[in-house]
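What follows is one structure encoded as structure tokens, with my remarks underneath.
The structure presented is a predicted model; accordingly, all values stated were derived computationally and were not measured. In the text below, chain A, chain B and the rest are named by the order of the sequence lines, each starting its count at 1.
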There are 2 protein chains.
Amino acid sequence: MKQHECSISFCDKCAFETNSVFKYLTRDEIERLNYEKDFRLYKRGDILYNEGNRISGFYCINSGIIKVFKTGIDGKEQIIRFARRGEIIAYRSVLSNESACTSAKVVEDCQVCFIPSELLIQFVKNNPAFSFEMIKLTCHELAEANSYITDIAQKTVRERLAEVLIQLVKDFGIDDQKYLRISLTREELANIVGTATESVIRLLSEFKTDKLIELNGRRIKVLDVKGLNKISNIII
Amino acid sequence: MKQHECSISFCDKCAFETNSVFKYLTRDEIERLNYEKDFRLYKRGDILYNEGNRISGFYCINSGIIKVFKTGIDGKEQIIRFARRGEIIAYRSVLSNESACTSAKVVEDCQVCFIPSELLIQFVKNNPAFSFEMIKLTCHELAEANSYITDIAQKTVRERLAEVLIQLVKDFGIDDQKYLRISLTREELANIVGTATESVIRLLSEFKTDKLIELNGRRIKVLDVKGLNKISNIII
DNA sequence: TAAAAAACATGCTAAATATCACTTTTTTAT
DNA sequence: ATAAAAAAGTGATATTTAGCATGTTTTTTA
């Protein structure tokens with residue numbers, strides 16, 4: 001990961017390509033980040049950190065997909081969000097100096113950078129523009145969480161599953177054959193929606209019957225986003 | 001609300017008594033706050049702002065209780081949180097410069113201060129210590145939201161109602177006769193738990209039969225917090 | 001303080017969802 | 001490539017929860 005002095009550094013490149021929050025760091029700060037980061041590889045199923053862990057830093061995802069989840073009753077996961085290229089995870093715990101309130105596990109093989117806590121805290125304390133962006137980021141996540149609470153509380157499982165599929169299309173996109181660019185098990189889908197695995201299986205079959213999707217093993221082909229939208233009953 | 005120059009100002013007093021985030025403002029800043037705030041009175045049922053509104057400032061609650069909620073299907077409210085003395089609402093919308101993602105309505109008669117947006121933004125941009133506290137505040141709310149998502153997704157209505165009652169005891173306390181210091185309608189309770197009003201009514205009756213609570217109209221006497229804890233199945 | 005409105009309560013029924021048990025298919029690892 | 005493990009799928013059933021109708025009580029307001 002060493003770069004020529006004159007060339008654009010790894011972090012600089014990543015920050016600008018992904019429009020990440022690090023775009024708001026100064027030149028010096030981003031070079032410091034580039035120097036101090038620890039580049040790591042993870043495979044599907046690997047755990048980055050567990051709920052309750054005291055963590056000494058946070059992660060910026062360079063490639064791959066990570067699920068962030070809480071562990072509930074009988075060890076059942078509740079997926080809170082996914083993180084992908086350019087996004088950071090575990091920053092909440094670093095900033096509030098608390099142990100992790102979620103766990104993070106690799107969904108699709110990842111390249112991530114581990115960044116020591118002190119660095120984030122220094123950036124936040126010394127760079128108001130960056131600090132402001134961090135606030136915005138957190139506020140944005142908060143708004144999303146609030147919406148999700150309302151959805152889970154008020155919508156049926158069918159509506160939520162449709163909504164989750166739409167959201168996955170928005171976040172990860174579909175390829176030229178309309179296949180969703182993220183591969184999740186039925187159990188993982190159930191752990192986003194907040195329902196039983198069997199319920200997801202049954203509803204996906206229904207959606208298939210209704211020609212909204214097609215199923216090829218774990219791959220989901222999204223045929224009718226409008227139809228899913230209608231089912232999901234999205235407000236406003 | 002005018003004070004002697006030499007005396008402690010209204011905002012100064014409030015900030016220190018309540019340990020609010022404004023404690024981290026400088027002397028000058030807090031006097032500026034004190035000068036620019038607009039003190040207002042609201043009665044139960046009054047609306048401070050509605051979801052979707054562009055807002056020109058945020059609110060600091062001096063007394064009373066406000067519910068912050070989202071409006072879901074068929075206008076059903078989902079209560080996200082309550083705000084009371086020393087707490088601020090609508091700051092998220094101000095900081096992210098978005099329209100309000102929630103509505104705020106008075107639950108118990110309130111004295112609140114309205115504070116113009118610019119002031120908060122200036123404080124955040126110029127005072128790193130304050131900014132850091134705002135980040136912590138947001139992170140804390142985010143952690144709570146994530147927990148709540150997991151609860152709603154995984155727990156039964158019965159478990160959630162028990163948990164909500166415990167949380168209300170923690171947040172608002174009980175008086176010498178063990179009556180909860182917040183008075184909510186059954187519908188409002190249902191809108192926290194995320195269930196139908198009838199379900200809350202039935203479950204409260206069950207809790208009463210099981211000697212966990214007593215009901216006197218809208219007032220709830222909490223007899224057995226341990227019992228409620230057991231029902232709520234709180235993790236860790 | 002009386003009338004109106006809102007909230008509370010309860011029984012009945014229907015719908016949604018979870019759970020269990022088991023088979024088949026797909027994926028993973030040797 | 002094949003055995004083992006994991007995931008997907010399905011049917012039957014139980015449980016939970018919602019929805020509706022209706023009567024009662026409490027609260028609000030004129």
Inter- and intrachain pairs under side chain to side chain donor-acceptor pair (under 3.5 Å), touching residues 166-178 of chain B, at least two apart: B/Q167-B/D171

Between A/I182 and A/E108, the two heavy atoms sitting closest are CA-OE2, 3.6 Å

By nearest heavy atom, map B/T185 and B/A153 onto DNA chain C; which one lands nearer the 5' end? B/T185

B/L184 CG to C/dC8 C1', in whole Å, measures 15 Å

Residues B/R202 and B/E206 bridged, charged N to O under 4.0 Å: no

d(B/Q154 CD, A/T195 OG1) to nearest 0.5 Å is 11.0 Å

Proximity to DNA chain C (any heavy atom under 4.0 Å), residues of residues 199-215 of chain B only: B/I201, B/R202, B/S205

Angle of first-five versus last-five pair axes in the helix from C/dT1-D/dA30 to C/dT30-D/dA1, to 10 degrees: 70°

Would you say the side chains of A/K76 and A/N191 form a donor-acceptor pair under 3.5 Å? yes

Short side-chain to backbone donor-acceptor contact, B/R44 and B/V107, under 3.5 Å: yes

Rounded to whole angstrom units, what separation is found between the CD atom of B/Q154 and the P atom of C/dA18? 11 Å

Reference residue A/N62; test side-chain hydrogen bond (donor to acceptor under 3.5 Å, both in side chains); the match among A/Q111, A/R40, A/K37: A/Q111

When you check the phosphate oxygens OP1 and OP2 of C/dC8, does a side-chain N or O of B/T197 lie under 4.0 Å from one of them? no

Protein-proximity profile, nucleotides 21-30 of chain C, B/S/- by nucleotide at the 4.0 Å heavy-atom cutoff, equals ------S---

Cationic N near anionic O, under 4.0 Å, A/E17 to A/R85: yes

Would you mind reading off the distance between A/E77 atom CD and D/dA7 atom P, rounded to a whole angstrom? 11 Å

Rounded off to whole Å, could you give me the CZ-to-C1' distance for the B/R186 and D/dT26 pair? 11 Å

Could you check how far NZ of A/K155 sits from P of C/dT17, rounded to whole Å? 13 Å

Testing the basics here: between B/A145 and A/L142, what is the closest heavy-atom pair and its distance to 0.1 Å? CB-CD1, 4.3 Å

Have B/Y59 and B/E87 got a donor and an acceptor in their side chains that come within less than 3.5 Å? no

Value in whole Å for how far the P atom of C/dC8 lies from CD of B/E187: 8 Å

Pairs involving residues 173-223 of chain B, ordered by first then second residue, that meet ring pair (Phe, Tyr, Trp, His ring centres under 6.0 Å) (sequence neighbours left out): none

Over all heavy atoms of both residues, which pair between A/E163 and A/D151 is shortest? Give the atoms and the distance, please. OE2-OD2, 2.6 Å

Count the heavy atoms of every other residue, nucleotide or ligand shown that sit under 6.0 Å from NZ of B/K208, and state whether that count exceeds 12. no

Contact list for DNA chain C against residues 156-169 of chain A - heavy-atom distance below 4.0 Å: A/T156, A/V157

